[in-house]
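Right, one structure below, let's go through it.
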Amino acid sequence: MSNAVRCTNLFKQYPGKPPVDAVNGLDLTVEEGECFGLLGPNGAGKTTTVEILEGLLPATRGEVEILGRRWGERDREIRQRIGISLQETKLPEKLTVREVVTLFRSFYDRGPSPLEVLRLISLEEKAGAWVKRLSGGQRQRLAVACALVGSPELLFLDEPTTGLDPQSRRQLWDILAQFRRTGRSILLTTHYMDEAERLCDRVAIVDHGRVIACDTPRRLISALGGQHVIEFALGSNGHAELCEPSVFEPLPSVCSARRDGEHLALTVDEPHVALPALLAKLDEQGSELASLTTRHASLEDVFVKLTGRHLTDDRNQ
């Protein structure tokens, strides 16, 4: 299978005292027909990487190929074959929805009619409305329409559902699923683990400008060693030694244990085996639970295991 995106040993350094390495030797391959996700906290280098791939930002060094072409050699051809939806798209507020899509359609040699695109994103009823009258979800769908209007072979989406309500997110997921069914490629960044697990064939976890893990969501989660997580906090009578994750690692069915703020998290194979053993251990020590929950393991757990922190930690900002 040929590649829609390939970058090798990619670096981007911004001048300063000291200089800032936003991208630090990143390698990435997106296959044709694949939906590929970049996951990581703010400041990890995701947006900088995507802007380099989109041709909006020059790399300090490294190799980049988009649909088999290199920026600086056949730029117009590449731009005719890709669609871009930025993290924040500012559209003219006193143009109508139809006028905005018609404007963007004029930039491309081929593609569907503006009305066809509006039907695709379920905005045909708003065709005559001014952009400033649209809701946040409608504006985001309009931004995606502007990325789709050239019938791209490769679609770049930078955090496309940030700030959207659940219904608007699901509407956009449906639009992307329909795009995927045509065999075209998507590269997206997101903070939402459920979004990545639902949409992406593969994901790369990026931290400090590097890819630290890359695989299918299922395989990354399986690498944790267990498919379930038990999270709990001890009551005021909890013994200090029971706050150490290592105390719980020998329990049956427990694959790993970690501290997560005031809670402890156990990755387990079989909750019905681990839970009785956990409760017996606490009872033996005379400790009570303040809270306990069980859930399926997720990509968030993968990120925490790899980096020791959550995507949403304030210190990542």
Side-chain angles (χ1 to χ4, degrees), residues 3-5 7 26 28-42 44-57 64 66-67 78-91 100-101 104 107-108 111-112 117 120-123 134 136-206 211 214 217 299 311:
N3 296 325
V5 175
C7 66
L26 186 141
L28 192 66
T29 300
V30 179
E31 297 175 351
E32 287 188 355
E34 180 176 42
C35 182
F36 191 97
L38 284 183
L39 311 181
N42 289 340
K46 304 187 308 297
T47 294
T48 300
T49 298
V50 170
E51 289 182 350
I52 293 171
L53 299 178
E54 293 168 342
L56 301 177
L57 193 67
V64 175
I66 304 297
L67 299 170
I78 297 174
R79 291 194 173 99
Q80 288 292 316
R81 299 171 65 189
I82 67 174
I84 298 173
S85 180
L86 301 174
Q87 191 172 115
E88 186 176 358
T89 303
K90 295 292 187 181
L91 298 171
V100 168
V101 176
F104 275 79
F107 302 151
Y108 296 93
V117 177
L120 173 65
I121 63 169
S122 301
L123 274 184
L134 300 180
Q138 290 168 342
R139 287 184 184 225
Q140 191 67 6
R141 277 186 280 154
L142 179 56
V144 173
C146 294
L148 294 175
V149 77
S151 193
E153 299 169 44
L154 170 62
L155 182 61
F156 290 99
L157 301 169
D158 195 359
E159 297 187 19
T161 63
T162 297
L164 297 187
D165 60 83
Q167 182 179 359
S168 296
R169 287 181 69 203
R170 291 190 185 93
Q171 287 175 334
L172 191 51
W173 290 353
D174 291 340
I175 292 167
L176 298 182
Q178 188 171 344
F179 179 84
R180 283 288 316 286
R181 284 193 287 270
T182 64
R184 291 175 283 180
S185 311
I186 299 174
L187 191 154
L188 66 86
T189 72
T190 181
H191 276 108
Y192 300 119
M193 298 299 98
D194 60 332
E195 185 166 277
E197 290 179 36
R198 173 163 178 165
L199 295 179
C200 297
D201 299 301
R202 288 190 302 143
V203 297
I205 297 176
V206 179
V211 173
C214 182
L299 286 173
L311 279 168

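Without hydrogens or angle criteria, Ser185 side chain to Gly33 main chain gives a donor-acceptor distance under 3.5 Å. In terms of modelled atom types and a separation under 3.5 Å, the side chain of Asn3 and the main chain of Val5 share no donor-acceptor contact. Not a single donor-acceptor pair under 3.5 Å links the side chain of Glu153 to the backbone N or O of Gln80. In this structure a side-chain-to-backbone donor-acceptor pair under 3.5 Å is present from Thr182 to Phe179.
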Exercise for the section: List the steps, then state whether side-chain contact (heavy atoms from CB on, under 4.5 Å) holds for Ile66 with Val64. Expected result: CA-CA 7 Å; Ile66 304 297; Val64 175; 4.1 Å; yes

Exercise for the section: Just do the side-chain contact (heavy atoms from CB on, under 4.5 Å) check on Lys46 and His191 with the steps written out, would you? Expected result: CA-CA 11 Å; Lys46 304 187 308 297; His191 276 108; 4.2 Å; yes

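A 4.5 Å side-chain heavy-atom check between Glu54 and Leu86 finds at least one atom pair inside the cut-off. For the pair Gln178 and Leu120, the minimum side-chain heavy-atom distance is below 4.5 Å. Contact of the Leu172 side chain with the Pro160 side chain is registered, since non-hydrogen atoms from C-beta on lie closer than 4.5 Å. Side-chain contact between Arg198 and Met193: absent, with no pair of heavy atoms (C-beta onward) separated by less than 4.5 Å. Between Leu176 and Leu155, some side-chain heavy-atom pair lies under the 4.5 Å cut-off. At least one side-chain heavy atom of Ile186 sits less than 4.5 Å from a side-chain heavy atom of Leu157. Within the 4.5 Å cutoff, the side chain of Val144 has no heavy atoms near those of the Leu142 side chain. Between Leu91 and Thr89 the shortest side-chain heavy-atom distance falls below 4.5 Å.
Across all their heavy atoms, Arg202 and Cys214 have their closest contact at NH1-SG, 3.7 Å. Residue Leu299 comes nearest to Ala196 through the heavy atom pair CD1-CB, 3.9 Å, listed as atom of the first residue, atom of the second, then distance. The two residues Pro41 and Val206 have their closest heavy-atom pair at CD-O, 3.8 Å. Annotation for Gly83 and Pro152: closest pair N-CB, 3.3 Å, computed over non-hydrogen atoms. For the residue pair Gln140 and Thr161, the shortest heavy atom distance occurs at NE2-N, 4.4 Å. The two residues Leu28 and Ala204 come nearest to each other via the heavy atoms CD1-CB, 4.1 Å.
Listed by chain and residue number, nothing satisfies the ring-ring contact (aromatic ring centres under 6.0 Å, His included) test with Phe36 (two or more places apart in sequence, or in another chain).
Here the straight-line distance linking atom CD of Glu34 with atom SG of Cys200 works out to 8.5 Å at 0.5 Å rounding. Atom CZ of Arg141 is separated from atom SG of Cys146 by 13.5 Å, given to the nearest 0.5 angstrom. Here CD1 of Ile121 is found 13.5 Å from CG of Asp174. Values are rounded to the nearest 0.5 Å. Rounding to the nearest 0.5 Å gives a distance of 9.5 Å between CG of Leu57 and OG1 of Thr49. With values rounded to the nearest 0.5 angstrom, Gln138 atom CD is found 10.5 Å from Ser122 atom OG. Interatomic distance, Leu188 CG to Thr190 OG1, rounded to the nearest 0.5 Å: 6.5 Å.
For residues 177-196, the set of pairs meeting the salt bridge (Lys or Arg N to Asp or Glu O under 4.0 Å) definition, not counting sequence neighbours, comprises Arg169-Asp194, Arg169-Glu195, Arg180-Asp201.
When only modelled atom types and interatomic distance are considered, Asp158 and Thr189 share a side-chain donor-acceptor pair under 3.5 Å.
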